[in-house]
Protein chains: 2
Amino acid sequence: MRYGQYCPVAKAAEVLGERWTLLIVRDVMEGAHRFNDLYAGLPGISRTLLSGRLRQLVGDGLLERREANGHPEYWLTPLGLDLQPAVFALGEWAVRNYGGDPGRDELNPEVLMLWIERHVNRDALPDGRLVARFEFRGSRQHTRAWLVSQDHSPRVCHDDPRFEVDLVVASDVRTLHLVFAGRLAMSAALREGSIALEGTMQARRSFTRWFGYSPFATAAREALAG
Amino acid sequence: MRYGQYCPVAKAAEVLGERWTLLIVRDVMEGAHRFNDLYAGLPGISRTLLSGRLRQLVGDGLLERREANGHPEYWLTPLGLDLQPAVFALGEWAVRNYGGDPGRDELNPEVLMLWIERHVNRDALPDGRLVARFEFRGSRQHTRAWLVSQDHSPRVCHDDPRFEVDLVVASDVRTLHLVFAGRLAMSAALREGSIALEGTMQARRSFTRWFGYSPFATAAREALAG
DNA sequence: CAGTATCCTCGAGGATACTG
DNA sequence: CAGTATCCTCGAGGATACTG
């Protein structure tokens with residue numbers, strides 16, 4: 001959309017205001033760089049549209065398309081990196097002003113697992129391999145997902161990797177989402193049993209250290225406390 | 001647009017990502033409160049769409065519809081005011097990263113005069129009445145507009161108010177826009193004659209004090225200097 | 001794995017005329 | 001002055017099938 005106004009806000013709206021664009025930028029900021037990785041994190045978008053939007057973002061100078069290990073990857077340019085504070089300001093505004101639980105249509109275990117993967121504290125992962133199985137119970141959703149970490153590099157898969165499982169995390173999508181978002185304390189969820197861990201003491205301890213939170217979790221906690 | 005993601009950035013995009021919405025919010029922030037005032041500042045929008053967007057913004061809690069002097073007015077709620085830093089962050093990002101002159105389609109003397117009116121330094125206006133006539137020369141545009149101030153309250157009109165004129169400001173839309181935006185120093189424009197003032201010494205002096213700049217002018221100057 | 005080509009749908013929003 | 005009602009258009013983007 002061109003607005004025909006010589007105004008920085010209009011320019012920002014031209015570049016970021018198309019459907020999905022801001023979410024694509026967010027995902028790249030949070031560590032999604034491959035086409036199918038972005039695609040998986042944006043249920044509802046079509047491959048055609050994602051492809052078009054990526055081309056626009058490259059054209060507008062926010063993203064750079066690189067060839068890496070034989071595959072295209074999308075990375076923020078300096079111009080795109082410079083946008084980070086503004087995207088955070090928008091998100092923090094939303095956190096402060098639109099509290100509330102996820103709607104039914106916002107409970108998606110696949111997307112949640114992607115987000116968890118992207119925010120894992122890699123330093124806190126054990127050396128070698130770690131396999132955690134997430135089990136989602138709930139109304140209609142009882143899905144499983146495996147988070148497999150090899151040498152501090154986590155990867156989610158939805159088919160049994162047939163490795164020995166070090167840790168089972170049993171919860172429902174809503175609870176795990178609330179914890180990830182910073183709206184429910186992990187300690188409280190563990191205490192009340194809405195998240196249950198199964199594994200050695202060490203594996204359970206480790207979990208609370210490598211499990212990472214939404215970049216807006218701090219703001220959410222502040223909003224809840226304030 | 002609903003994205004179906006429990007994420008603050010998605011929420012912000014849902015509320016602000018529709019066409020025109022961010023520009024409407026910007027205009028209210030900069031002092032437009034009446035329907036026709038907003039309408040005049042957004043060439044290309046339809047009355048139907050503006051009306052719909054205002055309803056959405058009220059529904060999302062950013063704007064409040066008030067009855068004032070027998071007319072509806074739209075004002076920012078606390079939630080809307082809280083958005084100001086994020087909107088500024090977006091605009092400043094655009095200023096830093098998308099320098100450049102206005103395109104041909106971005107030269108609109110009516111809109112420019114509205115913006116000038118909204119940003120006049122009211123305190124620097126003289127007591128009583130001041131009448132300034134803006135004369136735009138240029139390729140196809142030679143328009144006039146009057147800025148009439150009564151008791152520190154400026155108002156633009158495009159029909160001769162038939163008051164005695166204290167000051168004539170002759171320029172072209174592009175130059176005045178660049179000056180307003182902070183991309184060309186007023187002093188330089190006056191020196192090189194791309195803005196010419198006509199009036200008493202006092203009226204001309206006064207002009208450089210009551211003429212206000214875009215909220216992004218400081219950022220633009222920094223971007224040019226840096 | 002990362003897209004593209006083609007066809008087709010449907011709903012956002014424009015045009016126009018109207019109103020308290 | 002601040003909108004609304006109605007009809008209609010058209011283009012963004014979905015579905016599907018395909019490819020280097």
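Bear in mind the structure is a predicted one, so any value in this text is a computation, not a measurement. Excluded from the calculations below are hydrogen atoms, water molecules and symmetry mates; all remaining heavy atoms, backbone and side chain alike, are included. Residue numbers begin at 1 in each chain, while the letters A, B, ... track the order of the sequences.
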Between C1' of D:dA12 and CD of A:Gln56, the distance in whole Å: 11 Å

If you check every side-chain atom of A:Leu49, which of D:dG13, D:dC1, C:dA2 has the closest atom? D:dG13

Can a donor-acceptor pair under 3.5 Å be found between the side-chain atoms of B:Arg47 and the base atoms of D:dA2? yes

Pick one: which of B:Asp82, B:Asp60, B:Thr77 meets side chain to side chain donor-acceptor pair (under 3.5 Å) with A:Asn97? B:Asp82

Do B:Asn121 side-chain atoms and B:Ala124 backbone N/O form a donor-acceptor pair below 3.5 Å? no

Between A:Ser51 and C:dT4, does any side-chain N or O lie under 4.0 Å from OP1 or OP2? yes

So, does A:Arg53 get its side chain near the phosphate of D:dA12, meaning an N or O under 4.0 Å from OP1 or OP2? no

Measure the distance from CG on B:Leu50 to C1' on C:dG14 and round it to the nearest whole Å. 14 Å

How would DNA chain C look in dot-bracket form, 5' to 3', counting Watson-Crick and G-U wobble pairs with both distances under 3.5 Å and writing | for bases paired to another strand? ||||||||||||||||||||

For A:His152 and A:Arg122, indicate whether the former's side chain and the latter's backbone hold a donor-acceptor pair under 3.5 Å. yes

Report the residue (B:Leu54 or A:Glu18) whose heavy-atom-nearest nucleotide on DNA chain D is the more 5′ of the two. B:Leu54

The residue, A:Gly52 or B:Arg19, whose nearest nucleotide of DNA chain C is more 5′ is A:Gly52

Rounding to a whole Å, what distance do you find between A:Leu38:CG and C:dA2:P? 9 Å

Distance col, row B:Arg174:CZ vs B:Leu112:CG, nearest 0.5 angstrom, shows 13.0 Å

Would you classify B:Thr48 as touching base, sugar-phosphate or nothing, given that sugar-phosphate means primed atoms plus P, OP1 and OP2, and contacts are heavy atoms under 4.0 Å? base

Mind calculating the distance between CZ (B:Arg55) and C1' (D:dT4) to the nearest angstrom? 9 Å

Could you tell me whether a side-chain N or O of B:Asp166 sits under 3.5 Å from a main-chain N or O of B:Val131, the two making a donor and an acceptor? yes

Here the pair of heavy atoms bringing A:Met29 nearest to A:Leu83 is CE-C, 3.9 Å

Got a list of side-chain donor-acceptor pairs under 3.5 Å for residues 153-162 of chain B, not counting sequence neighbours?
{"residue": "B:Arg155", "atom": "NH1", "partner": "B:Glu117", "partner atom": "OE2", "Å": "2.9"}
{"residue": "B:Asp160", "atom": "OD1", "partner": "B:Arg162", "partner atom": "N", "Å": "2.8"}

OP1, OP2 of D:dA2 versus side-chain N and O of B:Arg34: anything below 4.0 Å? yes

Output the rounded distance in Å from CD1 (A:Ile45) to P (C:dA2). 15 Å

For a quick check of understanding: with a heavy-atom distance under 4.0 Å over all strands, which category does A:Ser46 fall into, base, sugar-phosphate or nothing? sugar-phosphate

Here the distance between atom C1' of D:dG13 and atom CG of A:Leu42, to the nearest Å, is 15 Å

Rounded interatomic separation in angstrom, taking OH from A:Tyr39 and P from C:dA2: 13 Å

Taking CD from B:Glu67 and P from D:dG3, how many angstroms apart are they, rounded to a whole number? 9 Å

